[in-house]
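Here's the structure, in structure tokens; my notes come after.
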Amino acid sequence: MVDYHRAQPAPAAGPNGDYMAQEEDWDRDLLLDPAWEKQQRKTFTAWCNSHLRKAGTQIENIDEDFRDGLKLMLLLEVISGERLPKPERGKMRVHKINNVNKALDFIASKGVKLVSIGAEEIVDGNAKMTLGMIWTIILRFAIQDISVEGKGRDPGGSASRCCSGGILKVSFAETSAKEGLLLWCQRKTAPYKNVNVQNFHISWKDGLAFNALIHRHRPELIEYDKLRKDDPVTNLNNAFEVAEKYLDIPKMLDAEDIVGTLRPDEKAIMTYVSCFYHAFSGAQKAETAANRICKVLAVNQENEHLMEDYEKLASDLLEWIKRTIPWLEDRSPQKTIQEMQQKLEDFRDYRRVHKPPKVQEKCQLEINFNTLQTKLRLSNRPAFMPSEGRMVSDINTGWQHLEQAEKGYEEWLLNEIRRLERLDHLAEKFRQKASIHEAWTEGKEAMLQHRDYEAATLSDIKALLRKHEAFESDLAAHQDRVEQIAAIAQELNELDYYDSPSVNARCQKICDQWDVLGSLTHSRREALEKTEKQLETIDELHLEYAKRAAPFNNWMESAMEDLQDMFIVHTIEEIEGLIAAHDQFKSTLPDADKEREAILGIQREAQRIADLHSIKVAGNNPYTSVTPHIINSKWERVQQLVPKRDHALLEEQSKQQSNEHLRRQFASQANIVGPWIQTKMEEIGRISIEMNGTLEDQLNHLKQYEQSIVDYKPNIDVLEQQHQLIQEALIFDNKHTNYTMEHIRVGWEQLLTTIARTINEVENQILTRDAKGISQEQMQEFRASFNHFDKDHGGALGPEEFKACLISLGYDVENDRQKRRGSVDTDDFRALLPAGCSLGDAEFNRIMSVVDPNGSGTVTFQAFIDFMSRETTDTDTADQVIASFKVLAGDKNYITAAELRRELPPEQAEYCIARMAPYRGSDAGPGALDYKSFSTALYGESDL
């Protein structure tokens with residue numbers, strides 16, 4: 001019969017000509033080297049028997065047992081899993097040829113072209129052609145489909161070789177399969193010392209490569225560290241025996257043949273190594289699936305850790321705010337200035353020590369929250385929703401309440417200190433005036449009640465009457481002091497002085513005594529007037545002395561009181577006013593001295609007249625108790641108090657000058673720092689809008705800018721020190737600057753927070769770009785479009801601005817394909833969008849719900865970048881994770897704890913077991929776990 005295989009013309013040499021030459025060299029070498037033929041016979045026979053055993057048979061002689069075509073057809077059925085045409089059972093040559101032709105036809109149907117060879121060569125037992133045919137089968141069914149990450153089939157390639165003068169041409173790329181298998185071997189053996197797989201002949205002679213392949217996948221079977229490179233026979237036999245015993249790979253090679261051959265047969269080695277590839281391919285799939293799950297779980301675990309950290313930090317900060325606000329809202333007044341100053345010192349300690357770390361914690365909390373949300377969006381997870389009451393907005397609200405309470409507390413402290421200063425001053429003034437009045441009234445009641453006029457002479461009565469008139473004058477002069485005492489007591493009551501009861505009791509006693517004095521004075525006058533007609537002798541000079549001495553004495557007492565009066569001033573102008581008033585008082589002293597001399601002159605004149613007329617005058621003036629000695633004593637006291645008052649006023653003037661220096665010093669520094677902070681805030685705003693260069697350049701620039709701000713901190717510290725001196729000096733106002741330390745602190749905190757937020761935004765943009773594969777050009781395009789429509793440079797877009805920005809980037813809800821591809825060029829945009837075209841209301845509302853979930857009516861640049869990255873890139877999905885779990889579960893709809901512990905690292909295996917719900921399907925086995933609901937829950941697609 002004519003074999004149609006012979007009728008096909010051999011193709012001309014093409015792209016695979018080199019491979020054909022290689023096969024011709026191989027065939028010539030085979031003819032010249034019987035060792036290669038021996039190795040191929042043994043290896044191919046073992047390979048065929050490894051498959052024929054599945055059908056319950058085997059071969060002994062490879063070129064004899066395939067001659068009738070029956071076992072050849074059976075071999076093809078086993079390795080392909082397909083049924084061949086029914087073989088012919090006859091013993092004649094024609095039956096054998098027909099069976100072999102059916103096998104060859106089947107091989108040709110699989111894309112293998114057999115040229116210039118027919119069934120007769122196989123039936124005649126041609127060893128060379130039989131071995132070539134078996135090698136073709138091995139290539140097609142065992143090696144061709146091997147691929148390792150980029151190395152695989154070449155649908156357009158071909159391979160050819162010479163076999164006994166005929167050309168056998170195969171329709172698959174042997175070179176690609178060989179390279180794939182070689183690359184697989186190189187990658188698996190790369191970590192092992194003394195192993196360098198470069199080919200399929202001499203690289204395997206020492207046996208270490210075979211042992212490395214087994215140890216890489218089954219390390220418990222090989223003690224690799226005990227192997228020696230100089231003992232190849234032991235190494236080879238060890239690998240062959242372990243493979244046969246534990247991996248079900250039959251022994252296809254002899255160690256002595258490999259070691260004794262200068263260049264072992266490449267086809268035999270490739271055939272044997274391919275058995276290792278297929279034996280371990282299942283483990284490779286499981287490893288890939290496990291890696292995917294580990295990656296997904298690692299992301300989820302990291303996110304959970306970040307959530308837990310946020311919850312703890314937020315809880316601690318809110319608890320601190322909750323503890324601090326009641327303290328700041330406590331307005332319980334203290335009795336003394338010292339106690340209130342201690343409260344002020346506690347408040348300063350809170351400002352310097354306790355609050356700054358909490359400001360940093362609040363800033364870090366916002367940064368951690370934004371980073372977590374970015375990571376969740378990038379990993380296609382649902383957004384993190386903190387526990388009730390622990391939202392960033394809740395923390396900001398609590399912080400606002402804290403700052404309001406803080407501001408009110410400081411104002412209250414300062415006002416309370418002023419009030420207590422005023423109270424102390426008034427209380428001391430009350431005690432001085434009350435003491436003077438009580439000293440003056442001492443004995444007055446007894447004097448007014450004394451009935452000395454009953455036994456007195458007329459002259460004595462007249463003297464007593466004049467003395468009483470002088471007392472009335474003195475009493476009237478003291479009326480003003482009594483009114484002052486009552487007014488001071490009333491003011492102390494109005495200012496809630498803590499010792500008001502004792503003040504009121506003393507004031508009431510003075511007023512009651514004053515009423516009694518008034519009543520007694522009136523009664524005594526009536527008694528004296530009743531006897532006035534009986535008394536005619538009057539000492540006019542004594543009376544005149546008494547009338548002039550009493551006001552002068554009262555003036556000196558008032559002068560002493562004023563000179564000893566305490567004063568409180570807060571400005572240089574106030575102390576200068578007191579100094580001017582004191583200078584004016586000193587200018588009246590010469591006139592007062594003249595009045596003193598005049599009064600003393602009256603007393604001397606009276607004594608002179610009495611002496612002149614031998615009148616017996618009592619030792620004391622009967623009309624007044626103010627003697628010349630008293631006047632002189634009090635005048636000397638006034639003269640002593642004047643320089644003391646001068647010294648006190650000069651000391652206070654020096655103090656106020658020092659305070660004025662502190663004011664000017666603080667104002668000078670504050671007027672530099674305040675505008676500097678404002679300028680930096682404006683510069684950060686411009687930087688966040690312009691953002692020139694790559695994101696990394698922007699980040700580096702911002703960090704350098706941040707460092708320059710941090711380096712400015714010593715200026716703030718200097719200002720704090722100056723402010724400390726001002727507060728210690730109890731300076732409450734400063735007309736030389738509009739900046740207070742509170743303004744500077746708030747501005748500095750806002751500056752640090754703003755630069756930190758801006759850096760965090762750029763870091764999140766880098767994270768988004770790298771995770772989503774967005775190019776620098778895309779990021780620049782997004783930024784340019786965003787800035788173009790951000791007309792007010794506020795860092796956010798309104799709905800209409802955002803819609804215009806999307807349209808400028810080519811986002812069109814009417815064209816789904818174009819929408820998902822991202823931005824378009826100008827021509828595409830004009831072609832897709834006719835005049836007046838706009839995003840559909842429903843689609844735009846959907847987009848706004850994504851980029852503005854809180855409904856604030858604005859879209860930040862970070863939300864804009866997140867949206868564009870989701871629209872232009874792909875991410876892992878729940879379906880991919882479910883497919884990975886299905887590989888680990890062996891295509892079952894459930895998975896067991898044992899399978900998870902076998903395929904995954906311990907930590908992540910236990911993580912899955914603890915969170916997977918039991919599988920409830922009808923095909924559930926013992927301990928079945930539902931990996932589908934678990935996978936969808938990872939992406940927020942179920943209620944697990």
Side-chain angles (χ1 to χ4, degrees), residues 433-453 456 459-486 510-532 535-562 588 591-607 617-635 637-638:
K433 288 184 177 295
S435 298
I436 293 173
H437 177 76
E438 288 168 347
W440 178 82
T441 59
E442 184 177 1
K444 292 296 188 294
E445 287 185 28
M447 181 197 73
L448 291 173
Q449 291 174 346
H450 187 48
R451 303 177 67 86
D452 56 344
Y453 55 85
S459 60
D460 293 333
I461 293 300
K462 289 184 178 293
L464 290 175
L465 184 60
R466 287 182 173 84
K467 180 180 179 181
H468 187 71
E469 289 176 354
F471 172 77
E472 285 180 331
S473 176
D474 196 10
L475 186 70
H478 278 79
Q479 176 69 33
D480 183 59
R481 180 178 288 111
V482 173
E483 291 176 355
Q484 290 178 5
I485 291 172
I510 290 173
C511 291
D512 293 342
Q513 187 185 37
W514 185 257
D515 292 338
V516 171
L517 287 177
S519 177
L520 291 175
T521 300
H522 180 69
S523 298
R524 185 173 178 80
R525 168 168 281 280
E526 286 180 346
L528 291 174
E529 287 177 350
K530 184 177 181 180
T531 58
E532 183 180 11
L535 303 176
E536 299 177 353
T537 304
I538 301 172
D539 191 349
E540 293 294 335
L541 290 175
H542 283 180
L543 180 60
E544 184 180 359
Y545 171 86
K547 288 183 177 179
R548 294 183 67 175
F552 184 75
N553 180 64
N554 188 58
W555 174 86
M556 287 192 294
E557 290 180 347
S558 298
M560 289 188 293
E561 183 180 345
D562 292 337
T588 63
D591 293 336
D593 189 43
K594 291 179 181 179
E595 177 65 12
R596 181 182 66 84
E597 290 294 334
I599 293 172
L600 295 178
I602 293 172
Q603 179 64 24
R604 288 192 296 271
E605 180 65 17
Q607 187 63 41
V617 180
N620 295 326
N621 192 321
Y623 301 113
T624 180
S625 60
V626 180
T627 66
H629 174 72
I630 292 175
I631 292 175
N632 288 331
S633 176
K634 290 184 178 180
W635 179 254
R637 179 62 178 162
V638 169

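Just so it is clear, the model here is predicted, and its values are computed rather than measured. Values below: all heavy atoms of this structure, side chains included; hydrogens, waters and symmetry mates excluded.
- The backbone N or O of Leu517 lies less than 3.5 Å from a partner atom in the side chain of Thr521, making a donor-acceptor pair.
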### Task
Please test Gln449 against Arg524 for side chain to side chain contact (heavy atoms under 4.5 Å, CB included), starting from the C-alpha separation and ending with a verdict.
CA-CA 7 Å; Gln449 291 174 346; Arg524 185 173 178 80; over 6 Å; no

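- Taking NZ of Lys634 as the reference point, atom NE2 of His629 lies at 11.0 Å (rounded to 0.5 Å).
- Contact record, Ala592 with Phe552: O-CE1, 3.3 Å, taken as the closest heavy-atom pair.
- Exactly one residue among Asn632, Val638, Asp591 makes a side-chain contact (heavy atoms from CB on, under 4.5 Å) with Arg596. That residue is Asn632.
- The structure places OG of Ser473 at 11.5 Å from NE2 of His468, a figure rounded to the nearest 0.5 Å.
- In this pair, Trp440 and His478 present their aromatic rings parallel. The plane angle is below 30°, not in the 30 to 60° band.
- The number of heavy-atom neighbours closer than 6.0 Å to CD of Glu597, taken from other residues, nucleotides and ligands shown, is above 12.
- Separating the OG1 atom in Thr588 from the CG atom in Asp593 is a distance of 11.0 Å, to the nearest 0.5 Å.
- Once rounded to the nearest 0.5 Å, the distance linking CD1 of Ile485 with NE2 of His437 reads 5.5 Å.
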### Message
Would Ser558 and Arg481 count as a side chain to side chain contact (heavy atoms under 4.5 Å, CB included) here? Give the steps.
### Response
CA-CA 9 Å; Ser558 298; Arg481 180 178 288 111; 4.2 Å; yes

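- Atom CD of Glu595 is separated from atom CG of Leu600 by 10.0 Å, given to the nearest 0.5 angstrom.
- Taking both residues in full, the closest heavy atoms of Ala546 and Pro551 are given as O-CD, 4.4 Å, listed atom of the first, atom of the second, then distance.
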### Task
Begin from the C-alpha positions of Phe471 and Leu448 and carry the test side chain to side chain contact (heavy atoms under 4.5 Å, CB included) through to its verdict.
CA-CA 10 Å; Phe471 172 77; Leu448 291 173; 3.6 Å; yes

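- No option in Ile630, Ile631, Val626 other than Ile631 meets the side-chain contact (heavy atoms from CB on, under 4.5 Å) test with Met556.
- The heavy-atom pair separating Tyr545 from Thr627 by the smallest distance is OH-C, 3.1 Å.
- Remark: Lys433 NZ to Gln484 CD distance equals 3.5 Å, nearest 0.5 Å.
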